[in-house]
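I have placed the structure first, in the form of structure tokens, so that the comments after it can refer back to it.
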2 protein chains.
Amino acid sequence: MPRQATGRKKEAILDAAVVEIASHGYHGTTVAMIARRAGVADGTIYLYFAGKEEILVSLFDRAMDRFTERGTDELAGLDDPVARLMRIIDLHLELVGGDRDLAIITQVELRHSLHFLDQLSRARVGGYLQAIAGVIAEGQAAGVWRRDLEPMFLAKAVFGVLDEMATDWVLSRRNTRLAARGDAVTRFVMGALRPTA
Amino acid sequence: MPRQATGRKKEAILDAAVVEIASHGYHGTTVAMIARRAGVADGTIYLYFAGKEEILVSLFDRAMDRFTERGTDELAGLDDPVARLMRIIDLHLELVGGDRDLAIITQVELRHSLHFLDQLSRARVGGYLQAIAGVIAEGQAAGVWRRDLEPMFLAKAVFGVLDEMATDWVLSRRNTRLAARGDAVTRFVMGALRPTA
DNA sequence: TGGTCATTAATGAATGACCATTCATCAACA
DNA sequence: TGTTGATGAATGGTCATTCATTAATGACCA
């Protein structure tokens with residue numbers, strides 16, 4: 001059989017997994033289905049992944065890597081905490097809303113077991129929350145945002161709003177763009193962060 | 001074998017299912033495990049439920065029934081939209097935080113497939129969101145809350161905050177009470193709903 | 001240049017474990 | 001004695017994973 005550039009098949013397997021898992025769910029997708037769509041033999045999957053579950057982990061890692069990379073780029077030039085947070089909100093919705101199949105996986109399939117969610121949450125989402133909390137703390141220090149609530153609490157609240165919008169969008173059948181909700185989310189969040197009278 | 005009052009075994013099976021599914025996940029729990037804990041034979045499960053998945057649906061229905069009943073009671077005496085929304089926030093956190101095993105199921109296990117989440121979401125959570133949106137619309141009409149955002153959007157945002165707090169609590173290992181976050185959530189939400197300057 | 005050979009990616013049929021569901025049988029009741 | 005709730009061993013189907021086999025490649029040598 002022909003040799004392939006090493007990265008090729010791994011990517012092909014991940015791409016196939018996104019499509020299959022998005023439409024049949026993680027447990028409804030067999031390794032054979034993924035192999036078939038990727039154009040490889042069942043056994044080949046095991047040359048690149050230790051098992052079925054590692055495919056799901058890799059999927060999440062790949063998505064988070066892209067997410068983080070893009071975020072770092074986009075925020076590089078912004079100093080103002082208000083501008084930074086607004087950018088985070090728009091970017092979150094834009095990136096999640098950019099690929100419906102992937103969104104189904106991040107919003108639904110990845111959350112299917114306590115052990116799994118716990119692992120992911122701690123590993124990657126925790127860092128994201130820290131980043132948001134950092135921006136909020138800056139805004140508090142600058143005196144533009146309320147200080148009677150902890151930055152980490154506020155970060156979780158903001159994330160909760162974004163995550164709910166994303167999940168709602170995934171479940172809605174109507175053909176809307178998730179990013180279109182950026183303006184409303186921003187208004188809501190900025191309102192919540194205003195200093196109290 | 002002795003006859004039981006009809007409801008008894010069904011309840012016992014559901015109670016057993018909560019414990020098993022909370023600790024092993026839905027797919028990691030076998031029907032035999034549930035039967036064993038409930039003190040019935042494997043086959044008995046099928047006298048009360050059409051299949052394994054119906055157990056999960058029934059679990060959610062039972063929880064939502066209790067939730068709704070309690071909510072209706074508690075809100076009966078309150079007219080002021082502000083008081084009503086504050087009560088909803090506290091109640092949500094109190095009820096979800098009252099039973100960790102059940103919380104694991106509502107926050108994690110019930111969301112394991114698009115088809116499933118979609119079904120539940122439309123059937124029961126949709127009604128809950130409508131109720132919150134109704135309270136918000138009242139407050140807007142009374143002039144105490146901002147009117148530049150739709151009631152349903154605001155209801156989803158508030159739900160997102162509550163849901164994130166609940167999930168975060170389920171995943172956290174520290175021994176905190178979920179209801180303790182009611183005050184901070186209320187301050188956040190009330191801040192977000194204030195009329196814009 | 002052309003002909004071995006060793007190496008390694010890739011294959012896919014076979015394996016074995018797991019588990020939801022069924023149903024022949026049992027035992028308590030009226 | 002007929003009815004019915006309950007039992008739990010047996011069944012059948014489904015897959016994740018393995019591994020003996022195949023084939024492409026490059027190294028080496030004449």
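As the structure is a computational prediction, the values presented were derived from the model and not from experiment.
- The phosphate of dA10(C) has OP1 or OP2 within less than 4.0 Å of a side-chain N or O from Lys9(A).
- Geometric assessment of Arg174(A) against the ring of Trp169(A) yields a negative cation-pi assignment under the 6.0 Å and 45° thresholds.
- Here dA10(C) presents its C1' atom at 8 Å from OH of Tyr48(A), a figure rounded to the nearest Å.
- Screening residues 149-172 of chain A for salt bridge (charged side-chain N to carboxylate O under 4.0 Å, His left out) gives Arg111(A)-Asp163(A), Lys156(A)-Asp168(B), Asp168(A)-Arg181(A), Asp168(A)-Lys156(B) as the qualifying pairs, with residues at least two apart or on separate chains.
- Atoms CD1 (Ile55(A)) and C1' (dT17(D)) sit 12 Å apart, rounded to a whole Å.
- Here dA9(C) presents its P atom at 16 Å from CD1 of Ile45(A), a figure rounded to the nearest Å.
- Applying the side-chain hydrogen bond (donor to acceptor under 3.5 Å, both in side chains) rule to Arg187(A) yields the partners Asp183(A), Asp148(B); only residues at least two apart in sequence or on another chain are considered.
- Between His112(A) and His27(A), the ring-plane angle classifies as tilted under the 30° and 60° cut-offs.
- Legend: side-chain hydrogen bond (donor to acceptor under 3.5 Å, both in side chains) pairs involving residues 188-197 of chain B, not counting sequence neighbours: none detected.
- For the pair Ile13(B) CD1 and dA6(D) P, the computed distance is 9 Å after rounding to whole Å.
- Spacing between atom CG of Leu47(B) and atom P of dT21(C) amounts to 14 Å, rounded to whole angstrom units.
- Judged by the 6.0 Å distance and 45° axis criteria, Lys10(B) is positioned over the aromatic ring of Phe49(B).
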Indicate every side-chain donor-acceptor pair of residues 132-140 of chain B with a distance under 3.5 Å to a residue at least two apart or in another chain.
residue, atom, partner, partner atom, Å
Gln140(B), NE2, Arg146(B), O, 2.9
Gln140(B), NE2, Leu149(B), O, 3.0

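- The stretch residues 14-32 of chain B comes close to DNA chain C through Thr29(B), Thr30(B), Val31(B), each having a heavy atom under 4.0 Å from the strand.
- Looking at the side chain of Ala41(B), the nearest of the listed nucleotides dA6(D), dT7(D), dG12(C) is dT7(D).
- Geometric assessment of Lys52(B) against the ring of Tyr46(B) yields a negative cation-pi assignment under the 6.0 Å and 45° thresholds.
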>> Only Watson-Crick and G-U wobble pairs with both distances less than 3.5 Å should count. Give DNA chain D in dot-bracket notation, marking inter-strand partners with |.
In response: ||||||||||||||||||||||||||||||
